[in-house]
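This report refers to the structure that appears directly beneath it.
Predicted model, so just to flag it, every value in this text is computed and none were measured.
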Amino acid sequence: MTENIPDNKARQGGWGRHGFMILIAALLLTAIAWGIAELYGEQAKTPATEQGGSPASTTPQTGTGGDQQGTQPAQ
């Protein structure tokens, strides 16, 4: 004779409290790592990075990454 098993008993296992605690612990560890990265980023600032660029980047930049606009290649 075949035994009928209810759907909630036939499953492998639920998340329950254990899975929930793992998710919360992972979220807390992620927040701690993010906070450490933020603190390190604030301490690593130099005057060059606060201005948005380094002193070596004083040449004009184009949007294409090639030569300046309006110049023709040599023939």
Pairs of donor and acceptor atoms involving the side chains of residues 32-44, under 3.5 Å and at least two apart or interchain, shall be tabulated with distances.
from: Trp34; atom 1: NE1; to: Glu38; atom 2: OE2; distance (Å): 3.2

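- Applying the salt bridge (charged side-chain N to carboxylate O under 4.0 Å, His left out) test to every pair with at least one member in residues 22-37, sequence neighbours left out, gives no pairs at all.
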Tabulate below the donor-acceptor pairs under 3.5 Å that side-chain atoms of residues 20-30 make, not counting sequence neighbours, or state none.
from: Thr30; atom 1: OG1; to: Ala26; atom 2: O; distance (Å): 2.8

